[in-house]
Q: 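Sharing a structure with you now.
Whatever order the structure lists ligands and atoms in, that order sets their numbers, starting from 1.
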Amino acid sequence: MDTPSICQSTASQADFVVVANRLPLHLDTCDPSAPRWRRSPGGLVSALEPILRARRGAWVGWAGTTTQVTEAALPDQEIHMQAVPLGENEYREYYEGFSNATLWPLFHDVMVPPDFDQSSWHSYQRVNQRFAQQAAALAAPGATVWVQDYQLMLVPALLRALRPDVRIGFFLHIPFPPPELFLQLPWRTQIMDGILGADLIGFQLPGGARNFLHLVSRLRGHESVREAQRPPLLGKVLSGGRKVSVGAFPISVDASAMEELARSKVVRERARQIRRQLGGSRKIMLAVDRLDYTKGIDQRLRAFEGLLADGRAAAKDTVLVQIATPSRERVEHYRLRRARIEAQVGQINGTFGQVGQVPVHYMHTTVDHTELAALYRAADVMLVTPLRDGMNLVAKEFIAARPDLGGALVLSEFAGAAHELTRALLVNPYHLSELKDVMAAALELDEADARSRMGCLRRHVFERDVHRWAHSFLTVLGDGGHEPDLPNVAALPRAAMVA
Ligand code: GDG
């Protein structure tokens with residue numbers, strides 16, 4: 001029997017429920033004899049935490065382990081954490097299979113061929129049903145439930161069937177593909193109907209929202225879709241006698257928290273130390289990505305290799321630091337990509353390196369938050385060059401971490417963030433010679449130009465931070481009235497001040 005029994009909640013019901021694939025917790029096994037649950041930091045958690053605290057809030061999600069997790073084992077929280085159990089086989093089929101080998105590539109330009117596997121689909125249905133049941137059991141009468149992301153696209157309709165009284169929001173963190181790609185999915189109608197169970201469907205960009213509206217009119221008929229002229233809303237769908245709102249809500253980061261960390265003594269000292277360790281006067285190019293084929297790591301390495309080969313960059317003057325966070329390591333395309341990237345790094349260092357002067361510092365690891373902020377502060381050039389990305393929070397974090405107005409951002413046109421961060425150095429990462437040119441230009445960027453660009457970028461990121469994102473979504477969902485006050489945005493930018 002694969003499915004572990006569901007942990008029973010001992011909590012009273014909640015007025016505001018977040019449903020996400022993962023709980024914002026991880027098991028710290030530094031001391032293997034006494035593993036402990038710790039909070040996982042992240043923008044989504046910090047945006048939703050004040051609301052969860054103020055509102056009898058609860059978070060429903062998987063705890064990240066296929067062994068049974070009971071309520072009692074989770075840390076004492078003001079926010080109720082409800083663990084949804086997953087068996088080993090379900091993890092393989094629902095998470096690695098349908099979520100990450102079917103939906104992920106299908107929604108990212110079919111960069112690798114998606115698997116269309118019936119058994120994984122059944123597992124996805126079963127697990128989504130379990131999430132919906134647990135959310136239904138936890139939600140108080142008339143509660144608001146906010147469902148997150150592509151792993152849970154059936155939950156809105158399943159939850160509505162169980163609890164027609166609750167208000168349901170759904171937000172997709174990844175791009176929504178054009179209809180001609182989505183229509184490849186054998187279970188396209190079920191997935192579309194699953195999402196349409198929500199009252200409000202949020203996408204990162206207007207383009208994703210429009211793709212969804214086109215899809216609905218194609219599968220349900222034109223008369224089911226109405227355009228909406230009130231941004232962030234782009235349309236309404238008439239579904240089962242209900243009106244479903246569809247809009248674009250670009251996610252962001254907790255800019256003030258990142259800035260505070262970046263200004264701390266420990267981060268500034270570590271940033272100086274990193275610069276010294278990498279060779280004092282050498283220019284530092286930095287990239288931080290999950291090791292995913294969508295992130296364009298291999299194209300970036302090829303461009304850097306090209307600059308070294310052309311003599312436009314030299315290992316004695318320039319170093320590329322690539323943090324590649326381990327991700328989905330049992331999925332075949334991820335294993336293959338890792339092997340390819342590591343071979344490229346070896347080739348570049350073997351060809352262009354000297355003792356004490358390695359051109360690429362590659363780390364296949366997760367660094368802690370302080371180290372990440374120090375790397376952001378130490379960098380001269382931040383390379384964010386995905387082939388497709390819903391938003392890309394690394395780009396926004398880098399900007400928030402630069403109160404000194406230093407650093408240049410090279411940003412792919414295919415990251416959602418490029419729609420807002422127009423003062424970055426924008427690039428098409430598929431165009432190798434353009435990528436090389438923009439990387440070289442970033443290394444040479446005039447200081448006054450760089451500071452002016454960073455000032456504009458910072459104003460944008462501080463004005464539209466993750467708190468504003470959550471507020472905007474919940475207000476349109478019709479649930480904005482109960483939130484704690486937002487910070488006064490006009491008072492915020494300190495953003496453009498020099499450290
Ligand atoms: C999905 C969408 C969308 C990475 N390495 C380390 C580390 N990270 C943190 C970053 C950032 C987060 O992980 C990655 O967020 P991204 O947005 O860059 O990318 P995805 O993981 O693909 O996220 C994406 C996002 O959802 C939100 O909607 O923007 O498009 O694909 O916060 O800082 N953090 C630490 N150590 C690391 O080594 N501490």
Q: Less than 6.0 Å separating the ring centroids of Trp469 and Phe171?
A: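 So the answer is yes for these two rings.
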Q: Is the terminal nitrogen or CZ of Arg328 (NZ for Lys, CZ for Arg) located under 6.0 angstrom from the six-membered ring centre of Trp104 and within 45° of that ring's axis?
A: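 Relative to the ring axis of Trp104, which defines the angle, Arg328 lies inside both limits.
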Q: With a cutoff of 4.0 Å, is Glu371 in contact with ligand 1, counting heavy atoms of the residue only?
A: no
Q: Can Arg335 and Glu329 be counted as an ion pair, charged N to O under 4.0 angstrom?
A: no
Q: Quick test of your reading of the structure: of His108, Met258, Met391, Lys295, whose heavy atom lies closest to atom 20 (P) of ligand 1?
A: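 Residue with the shortest heavy-atom distance to the ligand atom: Lys295.
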Q: Is there side-chain contact between Leu215 and Met192, with at least one heavy-atom pair below 4.5 Å?
A: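 SC-SC contact between Leu215 and Met192 confirmed.
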Q: Could you tell me which atoms of ligand 1, counted from 1 in the order shown, lie closer than 4.0 angstrom to a heavy atom of Gln204?
A: 3 (C), 28 (O)
Q: Which ligand 1 atoms are under 4.0 Å away from a heavy-atom of Trp104?
A: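 Answer, ordered by atom number: 31 (O).
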Q: Considering the heavy atoms of His173, write down every atom of ligand 1 situated less than 4.0 Å from one of them.
A: 2 (C), 3 (C), 26 (O), 27 (C), 28 (O), 30 (O)
Q: Closest by any non-hydrogen atom to atom 18 (O) of ligand 1: pick that one out of Val466, Leu44, Asp292, Leu393.
A: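 Residue with the shortest heavy-atom distance to the ligand atom: Leu393.
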Q: Is any N or O atom of Asp389, backbone or side chain, closer than 3.5 Å to an N or O atom of ligand 1?
A: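 There is such a contact, yes.
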Q: Could you check, using the six-membered ring where one of them is a Trp, whether Trp187 and Phe98 have ring centers closer than 6.0 angstrom?
A: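 That pair passes the under 6.0 Å test.
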Q: Strictly by modelled atom types, are Arg300 and Thr385 linked by a side-chain donor-acceptor pair under 3.5 Å?
A: yes
Q: May I ask you to list the atoms of ligand 1 that are less than 4.0 angstrom from any heavy atom of Leu372?
A: 33 (O), 34 (N), 35 (C)
Q: For ligand 1 and Ile251, I'd like to know whether there is a polar contact (N/O to N/O, distance under 3.5 Å).
A: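 No, since none of the N or O atoms of Ile251 sits under 3.5 Å from an N or O of ligand 1.
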Q: Does the pair Glu397 and Tyr376 meet the rule for a side-chain hydrogen bond (donor to acceptor under 3.5 Å, both in side chains), with working shown?
A: CA-CA 8 Å; Glu397 287 167 0; Tyr376 288 149; 2.6 Å; yes
Q: Report all side-chain donor-acceptor pairs from residues 413-420 shorter than 3.5 Å, counting only partners two or more places apart or in another chain.
A:
residue, atom, partner, partner atom, Å
Glu420, OE1, Lys396, NZ, 3.4
Glu420, OE1, His460, NE2, 2.7
Glu420, OE2, Lys396, NZ, 2.8

Q: Distance under 4.0 Å to a non-hydrogen atom of Thr325: what atoms of ligand 1 satisfy this?
A: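 Reading through ligand 1 atom by atom, the close ones are 4 (C), 5 (N), 6 (C), 37 (C), 38 (O).
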Q: Hey, which atoms in ligand 1 end up nearer than 4.0 Å to a heavy atom of Val394?
A: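 Those qualifying, in numeric order: 10 (C), 18 (O).
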Q: By number and element, which atoms of ligand 1 are closer than 4.0 Å to a non-hydrogen atom of Arg290?
A: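 Listed by number with element: 20 (P), 21 (O), 22 (O).
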Q: Between Phe176 and Phe107 (judged by ring centroids, cut-off 6.0 Å), do the two rings come close enough to count as a pair?
A: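 Ring centroids of Phe176 and Phe107 are less than 6.0 Å from each other.
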Q: Could you list the atoms of ligand 1 found under 4.0 angstrom from a heavy atom of Gly390?
A: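 Selected atoms, number and element: 30 (O).
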